[in-house]
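What you see is a predicted model; the values in this text were computed from it and never measured.
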Amino acid sequence: MLNRLEMLRVFCAAADAGSFKGAAMRLGISPQAVTRAIHELEALQGELLFHRNTRRIQITAFGEALAARARACVGELDALFASGKDQEQNELAGVVRLTAPSSIGRLRVLPVLTALGSAHPQLQLDLRLNDQIADVVDERIDIGLRIGFPRDNRFVVRAVAKVHFRVVGTPALIARVGLPASIGELDRVPTTGMVDRNTGRAWPWLFADGEHAAPAQPAFMCDDADAEAAAVLAGIAFGQIPDFLADQHIAAGRLVPVLQDLAPDPWDLYLYRPQRGPVPARIRLVFDALVSALSAP
């Protein structure tokens, strides 16, 4: 005797195919096995499911009603026991919303997301690049990347790297105005200023032992890290910029680090998730991929 699930599966196949032979071909079993399954199910139901003659079968009214209910039941059970691959594909579909600072978002986050998008076409990746702290509730952020210190202890936070800040200038600028030998000497050379959009004032430059300095008369002001780095590279002024924007140019000789003995302690680069509890597979996939990429030297 077949188990009842298999009886229903055979019955649904026969109802859909309109013949026992068609059901047998669809299920990869013999027509005789289909006939036996229908007979057993009719005995259990106490009702005829198909009218039969030598040429064809015709589902009964009772059979039609049973088939509608059986399809739903079999479909739900099949979904429960879907293959791991099918289940994974379903779980790795949907929207993942991210926020990151503009510069590091373009340099380090975007390549990870484009690779994930190619490998998992069902993902919908929504990246918001902004140097301001996002409102994770209003913007429904799933994953955020920030430099500094977490502001909300309810978040799930993972420190992935350290960000060093370099005071740098071009060789041509140094030849023109000289090297500042102390924090105080920054007032006699052209400097850049990064504007805090919340206050409209320039962020202070940071140094060792908690010292800081505000550029007195910046030669260049902006509110975008890439623009500030471009101004420094153009030789307009000295600037304090993060290592991910400075180091490649230092290595190539386009920029020269100054006041290195006064460099501040590095800040954490951290990933966060605003929600505790169960994590959808699509969000864990993106989070883990970013941890791996951003932790790499």
Side-chain angles (χ1 to χ4, degrees), residues 99-110 127-135 144-151 161-270 294:
T99 182
S102 299
S103 296
I104 199 165
R106 293 188 186 97
L107 289 172
R108 302 292 302 277
V109 175
L110 189 56
L127 174 63
R128 304 303 171 95
L129 298 178
N130 195 325
D131 291 322
Q132 305 303 109
I133 302 298
D135 186 319
L145 178 70
R146 285 293 145 191
I147 300 168
F149 312 97
R151 297 189 177 188
K162 297 288 186 181
V163 176
H164 298 261
F165 294 92
R166 322 280 195 207
V167 177
V168 290
T170 62
L173 176 65
I174 292 169
R176 179 165 60 87
V177 302
L179 279 170
S182 67
I183 297 174
E185 285 195 22
L186 289 172
D187 287 341
R188 71 165 183 81
V189 297
T191 56
T192 63
M194 171 69 83
V195 176
D196 179 353
R197 293 175 185 168
N198 292 321
T199 65
R201 296 191 296 270
W203 288 99
W205 290 21
L206 307 176
F207 295 97
D209 300 323
E211 287 196 67
H212 61 272
Q217 292 182 316
F220 182 85
M221 291 275 286
C222 67
D223 62 357
D224 179 82
D226 287 318
E228 182 183 26
V232 173
L233 277 166
I236 294 174
F238 291 95
Q240 186 175 59
I241 60 179
D243 53 8
F244 56 83
L245 291 176
D247 284 0
Q248 60 176 321
H249 300 297
I250 293 172
R254 292 185 289 269
L255 292 177
V256 176
V258 301
L259 301 177
Q260 295 184 77
D261 56 336
L262 297 174
D265 291 335
W267 285 21
D268 281 329
L269 176 67
Y270 65 90
L294 296 170

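Closest non-hydrogen pair, R146 versus N130, comes out as NH2-O, 2.8 Å. Listed here is the closest heavy atom pair of V109 and A100: CG2-CB, 4.3 Å. Shortest non-hydrogen contact noted between G239 and T192 is CA-OG1, 3.3 Å. Smallest separation of non-hydrogen atoms from P190 and A219: CB-CB, 3.8 Å. Nearest heavy-atom pair, P180 versus E185, reported as atom, atom and distance to 0.1 Å: CA-OE1, 3.6 Å. Here the shortest heavy-atom pairing between P257 and I250 reads CD-CG2, 3.9 Å.
Sequence neighbours left out, the pairs with a member in residues 162-201 that pass ring-ring contact (aromatic ring centres under 6.0 Å, His included) are F165-W267. Residue pairs meeting the salt bridge (Lys or Arg N to Asp or Glu O under 4.0 Å) criterion with at least one partner in residues 209-220, sequence neighbours excluded, do not occur; the list is empty.
Inter-residue side-chain proximity for S102 and D224 is flagged as met; some heavy-atom pair is nearer than 4.5 Å. Side-chain atoms of V256 and T170, non-hydrogen and from C-beta on, never get closer than 4.5 Å to each other. P171 places none of its side-chain heavy atoms less than 4.5 Å from the side chain of I174. A 4.5 Å side-chain heavy-atom check between H249 and V232 finds every atom pair outside the cut-off. V195 places none of its side-chain heavy atoms less than 4.5 Å from the side chain of W203. In this structure, V168 and V258 have side chains that are not in contact, with every pair of non-hydrogen atoms separated by 4.5 Å or more.
Within the model, atoms CZ of R108 and OG of S103 stand 13.0 Å from one another, a figure rounded to the nearest 0.5 Å. With values rounded to the nearest 0.5 angstrom, T99 atom OG1 is found 7.5 Å from L127 atom CG. The distance from atom CG of L107 to atom CZ of F244, rounded to the nearest 0.5 Å, is 7.0 Å. The CG atom of D223 sits 10.0 Å away from atom CG of D196, with the distance rounded to the nearest 0.5 Å. Rounding to the nearest 0.5 Å gives a distance of 11.0 Å between CD of Q240 and OG1 of T191. How far CD1 of I236 is from CD of E228: 11.0 Å, rounded to the nearest 0.5 Å.
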Side chain to side chain contact (heavy atoms under 4.5 Å, CB included) between L186 and F207, worked out: CA-CA 12 Å; L186 289 172; F207 295 97; 3.7 Å; yes
If you apply the rule salt bridge (charged side-chain N to carboxylate O under 4.0 Å, His left out), what do you find for D243 with K162, and how did you get there? CA-CA 9 Å; D243 53 8; K162 297 288 186 181; over 6 Å; no
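In terms of modelled atom types and a separation under 3.5 Å, the side chain of D268 and the main chain of Y270 share no donor-acceptor contact. Of the possible polar contacts, one joining the R188 side chain to the V177 backbone as a donor-acceptor pair under 3.5 Å is found.
A search for salt bridge (charged side-chain N to carboxylate O under 4.0 Å, His left out) contacts involving D187 returns nothing, not counting sequence neighbours.
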